[in-house]
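Below you'll find the structure, written out as structure tokens, and then a few comments.
Owing to the predicted nature of the structure, the values given are computational and were not obtained by experimental measurement. The chains referred to below are lettered A, B, ... by the order of the sequence lines, with proteins before strands, and numbering in each begins at 1.
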Amino acid sequence: MIQSIDRAKAPAQEEFDHIKIQEVEKSALDNGIPVYSIRAGFQDVVKVEMLFMNRGFDASQPLVFSATNRMMSEGSKHHNAQELAEMIDGYGSFYETEESSDYCSLNLFTLNKHLESTLPVFREILMEPEFPENELSVFRQNNRQRLIVEGERVNAVARRKFHEVIFGASHPYGYFVKPVDYEKLQREPLMSYHRKNYSSTNCSIIVSGNVTAEVISLLNKFFGSGEWKGTQQKETVTDISSHLDKKHVVEKKGAVQSAIRIGKVLFNKTHPDYIGMTILNTALGGYFGSRLMNNIREDKGYTYGIGSAMVSMKEGGCFFISTEVGAEVTSKAVKEIYKEVELLRKKPLEGNELLMVKNFLTGSFLKGIDGAFHLADRWKGLMLYGLGYDYYYRYLETVRTIKAEELMILAQKYLDPGDFYEIIVGKK
Amino acid sequence: MIQFNKTTLSNGLTVLVHEDSSTPLATVNILYKVGARDEDPAKTGFAHLFEHLMFGGSVNIPDYDSPLQIAGGDNNAFTNNDITNYYLTLPAKNLETAFWLESDRMLSLAFSKKSLEVQRNVVIEEFKQRYFNQPYGDVWLLLRPLAYKVHPYQWATIGKEISHIEHATLDDVKSFFNRFYCPDNAIMVVAGDVKTDEVYRRAEAWFGEIKRTFEKRKPYPVEPAQTERRELSVERDVPYDSIYKAYHCCSRLDKEFYAVDLLTDILSRGKSSRLYHELVKKQKLFSEINAYATADFDRGLVVVEGKLVKGVVMKDAEKAIDAELAKVMEKTIDAEEMRKVKNKVESTMVFSEIDLSGRALNLAIAEYMGDADLVNTEIELYRQVTGEEIRKSAEEIFRDTNCSVLYYHAKK
């Protein structure tokens with residue numbers, strides 16, 4: 001039987017089911033390291049993420065935390081960099097590091113069957129790194145070059161300049177890394193940062209995938225002993241000091257496109273208006289059907305892509321709009337961006353638009369909790385702020401119930417173009 | 001193991017279903033067997049421009065994205081030399097919306113003039129953003145015509161030049177659609193919380209009436225064997241010199257491909273790989289180095305590329321690469337190194353199966369390669385490769401007369 005179809009009409013949409021989020025199971029190793037585990041999926045894979053909060057940012061040594069984290073696999077007391085890499089690669093496992101201003105992490109991805117063989121290597125990297133001088137010189141040289149290449153990309157320069165301008169050059173979120181910072185890197189500060197920061201008292205483990213009881217007991221075997229307590233560093237918080245000038249232009253010769261970044265310092269997830277602002281942000285520039293995409297790409301054709309974002313970090317956050325546009329239409333694009341922001345402040349969303357934003361966000365949320373690794377990331381997004389799962393249920397409820405007028409009020413409150421910083425890299 | 005069921009509608013549309021009830025989502029992946037290699041040499045970049053126009057409204061639906069977003073879904077697409085692939089994910093309960101949207105744009109497009117005008121601009125900005133406003137961005141615009149003289153792989157997916165995109169007309173758009181966007185030139189994979197018989201029924205209802213119109217394509221021009229080394233030197237406003245060595249190799253579809261793929265893994269996969277260890281770490285000649293096979297459906301390339309450390313002379317850098325390539329041509333890969341690269345392939349495959357849309361795409365590509373079950377059986381083909389086969393591949397590929405070199409100099 002062929003069912004009848006009507007091409008002129010959209011099929012009826014089903015209501016979303018009540019969404020239930022699989023939560024982490026909390027346990028602890030013998031030495032007290034908290035372990036958060038998510039067991040999901042069919043594949044026999046496991047991801048072990050060991051997280052360490054960064055403490056004590058020092059603008060005279062801005063790279064210490066990221067260089068320490070990235071260099072730990074470059075040689076230990078017992079094996080050189082090549083041998084460590086061979087041992088990980090030999091089992092087809094992957095070792096990756098992640099650095100952000102708030103935390104650094106070491107990640108191991110492996111098939112379950114190779115976990116027991118790779119964990120000793122992971123342990124050696126974590127506990128006994130030597131930061132050999134010859135490896136450090138390669139690291140300095142190559143990362144310095146990479147940074148200089150990065151400096152040729154208008155978008156990258158706009159991003160870094162924006163953070164410097166809104167957070168201030170001495171703030172960990174605002175520090176603009178320079179090539180000379182790589183030249184200055186020395187072994188001793190890395191050794192010392194490692195001793196202080198990579199301790200069991202500053203460590204959390206998030207483990208996801210096929211997390212069997214055996215996985216947990218292996219983690220305990222390799223990381224659960226009392227020997228790596230370290231000395232707890234005091235957390236220092238630097239004040240944000242935004243630039244006095246709102247508009248900044250960095251000329252780049254021969255640029256055929258300009259990068260535009262417009263925005264301001266805002267709050268993080270712990271603020272009561274954060275959720276509402278992420279919804280408003282979606283309408284403005286957070287998805288393909290957004291106002292900015294519709295106007296500046298789909299109507300004017302000024303750009304390949306434009307978006308806006310709410311960024312949440314431990315000590316604050318920011319809101320920004322970013323795009324790369326044809327150099328000759330730079331000022332027209334800037335004007336249109338402000339026009340779209342003003343519109344959100346003047347008129348509530350109309351027609352299907354709010355429904356579209358809401359359903360898009362709910363659908364995206366479902367995608368974001370699909371699979372063990374996604375679920376692990378969702379937990380990380382709570383843990384860093386001391387939030388619990390009720391945050392996500394509040395998020396879903398707010399998405400479901402928020403009204404167009406409430407979003408307009410948020411726009412009036414937080415998106416005053418008079419507060420915005422504006423960075424243009426390329427041609428004005 | 002990825003389970004799937006397969007049927008072909010009477011109009012030739014291939015439908016694959018992968019059931020996974022552990023997710024509330026569904027993915028629909030439609031692969032059209034058309035890419036930049038199908039373009040007219042005077043109208044390059046068209047397959048990709050066309051991909052943009054597929055979002056500009058279809059015969060009964062003025063706007064593709066809004067209804068999908070209202071259904072809680074999102075989507076994207078990509079074009080390469082061989083295929084154009086469209087994929088969307090949405091709550092499985094709203095799967096009907098996906099069938100409605102996808103079947104309508106396979107039926108016919110709106111062919112709006114405004115959409116063409118705007119998307120021409122959008123693609124031109126994409127051209128600038130990716131190829132002209134990035135350091136080293138134009139490498140593939142230079143390397144392709146150096147390595148290919150006859151085959152359409154001589155141009156990049158974005159096109160040879162911006163003017164080809166500027167000159168695209170609505171008639172071009174219509175004829176391209178009619179020629180390639182036919183049910184019998186497409187593979188649809190539906191994956192997630194779906195039931196096979198239900199998918200088959202809906203596929204028949206929504207897609208069944210679309211006419212089978214695909215005319216067999218002419219064989220693609222065959223690239224003659226390269227007989228002498230080719231070189232091109234350019235100077236650009238970039239901070240560091242870099243070098244690109246491209247060698248002709250087999251197609252993704254050939255049996256020998258698995259040895260070639262492992263060969264490039266041995267050279268540059270991971271920090272323990274040969275080129276990284278020897279040339280980045282030990283000799284300190286390169287800040288970055290990489291080797292990979294392009295894995296194209298017609299005969300492709302193995303590319304070795306590296307960024308030089310400041311002060312290193314181009315010729316010395318190249319000699320050092322050649323010395324490493326010579327080693328792999330001379331000596332059979334030992335068991336330990338073979339175990340390593342095979343383990344890596346195995347875990348890469350397992351990790352790539354975690355994501356639902358990844359599984360759907362893998363199935364579609366495998367089906368186009370000739371057998372969807374390759375998603376499950378390819379690992380065995382990798383396991384069977386011997387160290388000697390890799391050495392032979394290297395010997396076959398890394399001949400100087402088979403090489404096109406691009407010397408990309410930083411402006412002094």
Check each atom of [X] against the heavy atoms of chain A and say whether the ones under 4.5 Å are side chain, backbone, both or neither.
X       : answer
V118(B) : both
L107(B) : side chain
D237(B) : backbone
L95(B)  : neither
S58(B)  : neither
V280(B) : both

> Which residue pairs pass the salt bridge (Lys or Arg N to Asp or Glu O under 4.0 Å) test when at least one of the two sits in residues 84-93 of chain A, sequence neighbours left out?
Replying inline: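 Non-adjacent pairs meeting salt bridge (Lys or Arg N to Asp or Glu O under 4.0 Å): E86(A)-K340(B), D89(A)-K344(B).
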Should the pair [X]-[Y] be classified as a salt bridge under the 4.0 Å nitrogen-to-oxygen rule?
X       : Y       : result
E288(B) : R146(A) : yes
R236(B) : E152(A) : no
K93(B)  : E15(A)  : no
E117(B) : K300(A) : no
E298(A) : K114(B) : no
E324(A) : R130(B) : no

Atom pair [atom1] ([X]) and [atom2] ([Y]), whose distance is rounded to the nearest 0.5 Å:
X       : Y       : atom1 : atom2 : result
K310(B) : N142(A) : NZ    : CG    : 14.0 Å
E96(B)  : Q13(A)  : CD    : CD    : 10.0 Å
F351(B) : T110(A) : CZ    : OG1   : 6.5 Å

>> So does Y240(B) get a backbone contact from the side chain of Q145(A), meaning a donor-acceptor N/O pair under 3.5 Å?
In response: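 Answer holds: no.
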> Judged by atom type as modelled, is there a donor-acceptor pair below 3.5 Å linking the side chain of W100(B) to the main-chain atoms of R7(A)?
Replying inline: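 Present.
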> M356(A) and side-chain contact (heavy atoms from CB on, under 4.5 Å): which partner among L68(B), I70(B), D65(B)?
Replying inline: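 So, applying the side-chain contact (heavy atoms from CB on, under 4.5 Å) to M356(A) and each of L68(B), I70(B), D65(B), only I70(B) qualifies.
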> Side chains of D370(A) and P24(B): closer than 4.5 Å at any heavy-atom pair?
Replying inline: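 A side-chain contact exists here, since the closest heavy-atom pair is under 4.5 Å.
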> Is it the side chain or the backbone of E83(A) that comes within 4.5 Å of chain B heavy atoms, both, or neither?
Replying inline: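 Neither the backbone nor the side chain of E83(A) comes within 4.5 Å of chain B.
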> Which atoms of S93(A) come close to chain B, meaning under 4.5 Å heavy atom to heavy atom: side chain ones, backbone ones, both, or neither?
Replying inline: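 When you check distances to chain B, only backbone atoms of S93(A) fall under 4.5 Å.
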>> I'd like to verify something: which residue of R297(A), E74(A), H114(A) has the highest number of heavy-atom pairs under 4.5 Å with chain B?
In response: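 Highest number of heavy-atom pairs under 4.5 Å: R297(A).
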> With under 30° as parallel and over 60° as perpendicular, where do the rings of F55(B) and F288(A) fit, or are they tilted in between?
Replying inline: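 The rings of F55(B) and F288(A) sit tilted, inter-plane angle from 30° to 60°.
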